[in-house]
Amino acid sequence: MKVMRITEPGGPEVLAEEERPEPTPGPGELRVRVRATALNRADLLQIRGHYPAPPDAPPDVPGLEYAGEVVAVGPRTRRFKVGDRVMGLVGGGAWAEMLLTHEREALPMPEGMDFTDAAALPEVYLTAYDALVLQGGLKPGETVLVHAVASGVGSAAALLCRASGARVVGTGRNAAKLARASEWGVARTVLCESSPPRFADAVRAETGGRGADLCLDLVGGDYVPESLQALAPRGRMMLVGLVAGVQADLNLGLLLMKRLSLTGTVLRSRPVEEKMALTQSAERHLLPLFRTGALRPVVDAVLPKAELRQGLERMARNDSVGKLVVRWE
């Protein structure tokens with residue numbers, strides 16, 4: 001099979017195609033023919049040498065999500081059979097013609113959905129669902145502040161909030177991208193052009209002075225202290241990304257006085273048992289929403305495999321809205 005591997009740390013130019021043996025599925029595993037994958041910032045960081053793959057993933061083959069069909073199953077496999085169409089998250093290795101995954105980490109593709117749309121779902125929706133619902137305790141009627149709302153996870157989070165009966169205030173640095181946010185049910189957007197960003201007043205204005213109940217922060221850095229200002233008493237903040245930096249100057253007195261909670265979370269490095277539990281919960285609660293159309297993929301562009309490097313460069317420039325998907329056929 002062909003894989004796209006990292007030859008040395010660097011930019012997209014260090015990627016090279018290579019032939020490798022097809023993997024053999026072990027007990028409970030599936031071998032999936034990858035029909036489409038999608039690009040993520042974690043891939044960029046891994047290529048640059050800043051984000052090593054977890055121990056159970058190929059160290060030099062990026063790719064965190066896939067959609068494809070089962071071509072072989074290992075012993076004691078019960079949930080899927082050869083020919084089933086599946087999608088899911090992996091710790092790495094999705095930039096390949098074939099991959100292995102445990103059947104409890106795979107999701108059945110929604111009926112009628114094509115591979116390119118399905119490949120745009122796993123990373124963004126599992127991340128948003130885990131952070132907002134399972135850890136953040138999202139409730140109907142709440143107001144949620146979503147940073148980078150035009151990103152893949154941001155747009156998925158907005159759609160998930162709308163399906164859950166919550167109101168969204170979204171931030172971003174690009175006015176043209178924010179103009180799309182109403183498509184996902186965002187009630188108000190805030191353009192953050194200054195440094196440090198200023199959005200707390202807009203959030204309080206949208207909520208009658210109370211503030212947001214929950215914040216999904218995909219940015220980090222100097223967004224964190226302003227987000228604490230924007231939260232209502234007993235508000236919750238989920239920190240998922242750090243593209244604006246790993247340092248922030250926090251007013252801990254505000255954290256105490258407003259009784260706020262700040263939780264950091266990642267998916268890629270979690271134990272496999274936790275990933276399986278998340279996948280099974282998503283199958284029960286998210287897949288029905290895709291079938292009804294309440295949730296949907298937000299795809300910026302679908303690229304052939306030959307343009308993968310250009311897609312990475314586009315993502316690095318922050319030119320995309322939603323997901324960049326790559327056909328692996």
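Worth knowing before you read on, the calculation uses all heavy atoms, side chains too, and leaves out hydrogens, waters and symmetry mates.
- Using modelled atom types, one finds a donor on one side chain and an acceptor on the other under 3.5 Å when comparing Thr265 with Arg270.
- Counting heavy atoms from C-beta on, the side chains of Glu105 and Val272 come closer than 4.5 Å.
- Nearest heavy-atom pair across Arg41 and Ala316 is NH1-CA, 4.4 Å.
- No side-chain heavy atom of Trp95 sits under 4.5 Å from any side-chain heavy atom of Val326.
- Under the 4.5 Å side-chain heavy-atom criterion for Ile, Leu, Val, Met, Phe, Trp and Tyr, Leu100 and Val71 are members of distinct hydrophobic clusters.
- Residue Tyr223 is not grouped with residue Leu214 when hydrophobic side chains (ILVMFWY) are merged at heavy-atom distances under 4.5 angstrom, including chains of intermediate members.
- Within the 3.5 Å criterion, the main-chain N or O of Cys192 finds a donor-acceptor partner in the side chain of Arg173.
- Panel note: side chain Lys177, backbone Gly172; no donor-acceptor pair is recorded below 3.5 Å.
- Counting only distance, with no hydrogens or angles, the side chain of Asp213 and the backbone of Thr143 share a donor-acceptor pair below 3.5 Å.
- No continuous path of hydrophobic side-chain contacts links Val219 to Val321 [ILVMFWY only; heavy atoms under 4.5 Å].
- Here the closest heavy-atom approach between residue Ala96 and residue Val3 is recorded as CB-CG1, 3.6 Å.
- Within a 6.0 Å sphere centred on CZ of Arg317, heavy atoms belonging to other residues, nucleotides or ligands number more than 12.
- Here CD of Glu193 is found 9.5 Å from CG of Asn174. Values are rounded to the nearest 0.5 Å.
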| said: With side-chain contact (heavy atoms from CB on, under 4.5 Å) as the criterion, how do Asp84 and Leu30 come out once you've worked through the C-alpha distance, each side chain's angles and the decisive distance to 0.1 Å? | reply: CA-CA 10 Å; Asp84 285 346; Leu30 313 173; over 6 Å; no

| Please walk me through it: do Thr263 and Gln135 pass side chain to side chain donor-acceptor pair (under 3.5 Å)? | CA-CA 9 Å; Thr263 304; Gln135 295 193 67; 5.7 Å; no

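- Salt bridge Glu226/Arg198: present, at least one basic N to carboxylate O contact under 4.0 Å.
- Side-chain atoms of Arg309 come within 3.5 Å of backbone atoms of Leu15 as a donor-acceptor pair (strictly under, hydrogens ignored).
- Transitive grouping of hydrophobic side chains (ILVMFWY, heavy atoms separated by less than 4.5 Å) keeps Leu99 and Phe115 in distinct clusters.
- Of the charged side-chain nitrogens involved, none lies within less than 4.0 Å of a carboxylate oxygen, so that Glu103 and Arg79 do not count as a salt-bridged pair.
- Side-chain heavy atoms closer than 4.5 Å link hydrophobic residues (I, L, V, M, F, W, Y) into clusters, and following such links, even through other members, never connects Val149 to Val299.
- In plain terms, the two heavy atoms of Ala119 and Val325 that are nearest each other are CB-CG1, 4.2 Å.
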| task | Could you check Tyr66 against Trp328 for side-chain contact (heavy atoms from CB on, under 4.5 Å), going step by step and ending with a plain yes or no? | result | CA-CA 10 Å; Tyr66 68 91; Trp328 216 258; over 6 Å; no

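- Looking at heavy atoms from C-beta onward, Glu274 lies out of side-chain contact with Leu278 at the 4.5 angstrom threshold.
- Summarising the geometry of Ala294 relative to Ala163, their closest heavy-atom pair is CB-CB, 4.3 Å, with the distance given to 0.1 Å.
- Look at Asp300 and Arg314 and you find a salt bridge, because one of the NZ, NE, NH1 or NH2 atoms lies within 4.0 Å of a carboxylate O, short of that distance.
- Looking at every heavy atom in both residues, Leu39 comes nearest to Leu312 through CD1-N, 3.7 Å.
- Checking Asn40, Thr37, Ile47, Leu44 one by one against Pro62, the side-chain contact (heavy atoms from CB on, under 4.5 Å) holds for a single residue, Ile47.
- Of the possible donor and acceptor atoms, one in the side chain of Arg236 sits under 3.5 Å from a partner among the backbone N and O of Gly136.
- Listed here is the closest heavy atom pair of Arg167 and Ala187: CG-CB, 3.5 Å.
- Not one N or O on the side chain of Lys323 forms a donor-acceptor pair closer than 3.5 Å with the backbone of Glu123.
- From Leu64, atom CG reaches atom CG of Leu126 across 11.5 Å, with rounding to the nearest 0.5 Å.
- Side-chain atoms of Arg20 do not come within 3.5 Å of backbone N or O of Met1 as any donor-acceptor pair.
- One distance of note links CG of Leu231 with CG of Leu260; it measures 5.5 Å at 0.5 Å rounding.
- A donor-acceptor contact shorter than 3.5 Å links the side chain of Thr279 to the backbone of Lys275.
- To the nearest 0.5 Å, atoms CG (Leu138) and CE (Met238) are separated by 11.5 Å.
- Across Leu132, Val186, Val133, a single residue satisfies side-chain contact (heavy atoms from CB on, under 4.5 Å) together with Cys161, and that is Leu132.
- Here the straight-line distance linking atom CG of Leu159 with atom CG of Leu289 works out to 10.5 Å at 0.5 Å rounding.
- Between Arg296 and Asp117 the shortest side-chain heavy-atom distance does not fall below 4.5 Å.
- A heavy-atom distance below 4.5 Å is not found between the side chains of Arg204 and Arg210.
- The shortest distance between side-chain heavy atoms of Arg268 and Pro54 falls below 4.5 Å.
- The pair Arg35-Glu69 meets the salt-bridge criterion, with a side-chain N (NZ, NE, NH1 or NH2) lying under 4.0 Å from an Asp/Glu carboxylate O.
- One distance of note links OG1 of Thr127 with CG of Leu89; it measures 6.5 Å at 0.5 Å rounding.
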| Intermediate values then yes/no, side-chain contact (heavy atoms from CB on, under 4.5 Å), Val224 and Met237 | CA-CA 9 Å; Val224 177; Met237 180 173 172; 3.9 Å; yes

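- The side-chain heavy atoms of Arg188 and Phe199, taken from C-beta on, include no pair separated by under 4.5 Å.
- Pro110 places a side-chain heavy atom less than 4.5 Å from the side chain of Met87.
- The backbone N or O of Pro271 sits nowhere less than 3.5 Å from a side-chain atom of Glu273 that would complete a donor-acceptor pair.
- At distances below 3.5 Å, not a single donor-acceptor pair connects side-chain atoms of Lys81 with backbone N or O atoms of Val70.
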